[in-house]
Amino acid sequence: MSSRDVLKSAATSASYNVLLQVVFRVLTFLLNAFTLRFVSKELLGVVNVRLTLLYSTVVFLSREAFRRACLSGGTEQNWRQIINLLWLTLPLGSLWAFALGSVWLWLLEAPDSHSVPHYAPAVGLFGLAALQELLAEPLWVLAQAHMFVRLKVVAESLAMVARCALTAVLLLSAPQLGLYIFCAAQLVYTGTLVLCYAVYFLHFLGSAEAKRMCFPLHRAGELLPSTLNGEAISMHSVCSGFSVVFSGERYVMTFLNVLSFGDQGVYDIVNNLGSMVARFVFLPIEESFYIFFAKVLERGQKVRDQRQDNVAMAAEVLECLLKLVLVIGLIITVFGYSYSDLALDIYGGSLLSSGTGPSLLRCYSFYVLLLAVNGVTECFTFAAMSKEEVERYNVAMLALSVSFLVLSYFLTWWQGSVGFVLANCLNMALRIVHSLLYIRRYFEGSPWAPLNGLLPSPLLLFALGLSGVISCLSEATFCCDRGWLFRLVHVAVGAGCLLGVLASVLLSETRLVRFLHAQLLSRYTKKET
């Protein structure tokens, strides 16, 4: 597969993943809004923070290292060995599920049995759901490496619909089941995911399409156990640190009891709302273009020792991606400050819009900007790093994880739930600095300067600044306790300002516009014609 084909596939994957994340988040928000009418916020806090943390930690620590190691070598690999290697996620996941489940049951404070019954069985069932999802891991990696982008969209969409439908039915028919409702929904989600991947590959392997593609596997029986390689071990060390950094506030809430279960539930809802665009746009970009950079660049090699056309393409894509996420992040930061109160009031009423909710979402708007830049810089950095550089980064990640947890505790003690976001901002800024320094050294002495993508045009900065001032004045004048008519006026003012910002992007960021047109719009135009 040529570099241009890889870029096209990465752009296609990113666009499908964006669609998937939109569907996922819309269903999740609707389900949360529906759930709030039937269960207590304490039970919701246990499910969305403690049990989800157990599930996500087991899955992340079991598979993320294998994903990064196995996807970094492209499609020209010994895929029988790679697939066999990926089956090690299941015994590793079993160990993590047993160890962490024991901690969740015997070391952490259990919720009140009257308000949140069935806690102990729920821990075991969420651990089982994590193991069930790991059954699909070899097929997931195989599909990602060969750019089967529609398979992921279909599988995860069906799984999400099944989970939401079962949750709604059980909440309406048997709300007394409590945590068992969410356990059953999670097991159905992971089971549907595994079933979709299994059915697809059982049909695909050995088919005429597989032969035409020269697909490396021919029979389902070729999946056998093997041994772990050194790169996966290095990546596992990095991902262990990432698990703490990515979910650090959940660990602090779970182990140090700095917030009540009710406050944890409110924080989780605001956190999901604040990270909506990050999940919609930034995560799909990071996942898809990590694969692109890993395929185009030679890991651990200097720029001058690689194919110059591949390096030039990687530099151009990196610069345009940085500009894209920077523009989106700046827009979210500017408008998020003035529309946080309104968004929370519409979504959750006074439960979310009163107290620290608006301040929390405003801080999150700035955090999204840092999250956007970090996602792109890190996906390039980890695609280009050598094994030795990854191992050196392990030490930095360990120190960063410890300092982040300590900082989260003290900032939460000082500022409540807002302290979690402040700690995340500081942590993200440090990671961005590390990645920027690596990228600068990587391209030093070459004709390419992809970090110029972090320099917005003066016209765009002026439009954003003016929009921020107008939106703040609009919020103070029209929002949010003067009725729906004034709220609509506030929304209209923001929409006008947003159109002005988008116009400034079209006029001043012409290189970004050409990149988006070439990678996205032109493909859809060709399909129509």
Side-chain angles (χ1 to χ4, degrees), residues 24 27-28 31 35 39 43-67 86-111 113 116-141 155-156 158-171 174-199 223 225 236 239-240 243 246-247 250-251 254-255 261 268:
F24 176 76
L27 289 177
T28 300
L31 183 62
T35 303
V39 301
L43 189 145
L44 198 61
V46 171
V47 172
N48 288 348
V49 176
R50 182 170 289 192
L51 294 178
T52 301
L53 177 64
L54 172 65
Y55 167 82
S56 60
T57 303
V58 171
V59 170
F60 190 90
L61 291 178
S62 303
R63 75 183 182 190
E64 193 67 19
F66 293 90
R67 284 187 173 186
L86 287 166
W87 278 110
L88 288 178
T89 57
L90 193 58
L92 183 61
S94 300
L95 293 175
W96 279 118
F98 177 78
L100 294 174
S102 301
V103 172
W104 258 242
L105 286 174
W106 296 313
L107 295 184
L108 297 180
E109 179 186 0
S113 59
V116 186
H118 319 304
Y119 172 71
V123 170
L125 291 173
F126 265 77
L128 180 62
L131 297 180
Q132 187 169 253
E133 182 169 342
L134 293 176
L135 292 172
E137 191 59 23
L139 303 181
W140 186 93
V141 172
E156 296 197 14
L158 290 176
M160 286 184 290
V161 170
R163 177 171 63 182
C164 292
L166 181 62
T167 303
V169 169
L170 291 179
L171 283 173
Q176 70 277 5
L177 293 177
L179 288 178
Y180 284 134
I181 294 175
F182 300 94
C183 295
Q186 193 67 23
L187 287 168
V188 166
Y189 171 81
T190 56
T192 304
L193 206 59
V194 173
L195 183 63
C196 288
Y197 277 97
V199 169
L223 303 177
H236 190 274
C239 294
S240 299
S243 177
F246 288 156
S247 302
R250 297 177 185 269
Y251 288 109
T254 298
F255 287 95
F261 286 118
D268 184 75

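Positions are given from 1 along the sequence.
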In terms of heavy-atom contacts, Gly127 and Leu54 come closest through N-CD2, 4.5 Å
Value rounded to 0.5 Å, distance of CG in Leu131 from CG in Leu92: 10.5 Å
Calculate, to the nearest 0.5 Å, the distance between atoms CG and CZ belonging to Leu177 and Phe182 respectively. 11.0 Å
Any donor and acceptor pair, going by atom type alone, linking the side chain of Glu137 with main-chain N or O of Leu86 inside 3.5 Å? no
Using 0.5 Å steps for rounding, measure from the CD atom of Gln176 to the CD1 atom of Ile181. 7.5 Å
Atom of Phe126, atom of Leu51 and distance for their closest heavy-atom approach: CD2-O, 3.5 Å
Nearest heavy-atom approach of Ser62 to Leu134 is CB-CD1, 3.7 Å
Distance from Leu135 atom CG to Leu90 atom CG, nearest 0.5 Å? 5.5 Å
Main-chain N/O of Arg50 paired to Trp104 side chain as donor or acceptor, under 3.5 Å: yes
Can you name the closest pair of heavy atoms from Cys183 and Leu125 and give their distance? CB-CD1, 3.7 Å
For Val58 and Ala130, work out which heavy atoms get closest and say how close. CG1-CB, 3.7 Å
Main chain of Leu187, side chain of Thr190: is a donor-acceptor contact present, judged purely on distance under 3.5 Å? yes
Checking the side chain of Thr52 only, and the main-chain atoms of Val49 only, is there a donor and an acceptor separated by less than 3.5 Å? no
In Å and rounded to the nearest 0.5 Å, what is the OG1 to CD distance from Thr167 to Gln186? 9.0 Å
Minimal heavy-atom distance between Val188 and Ala162, with the atoms involved, is CG1-CB, 3.8 Å
How many angstroms lie between atom CG of Leu158 and atom OH of Tyr189, to the nearest 0.5 angstrom? 11.0 Å
Check: Trp87 and Pro138 side chains under 4.5 Å, non-hydrogen atoms: yes
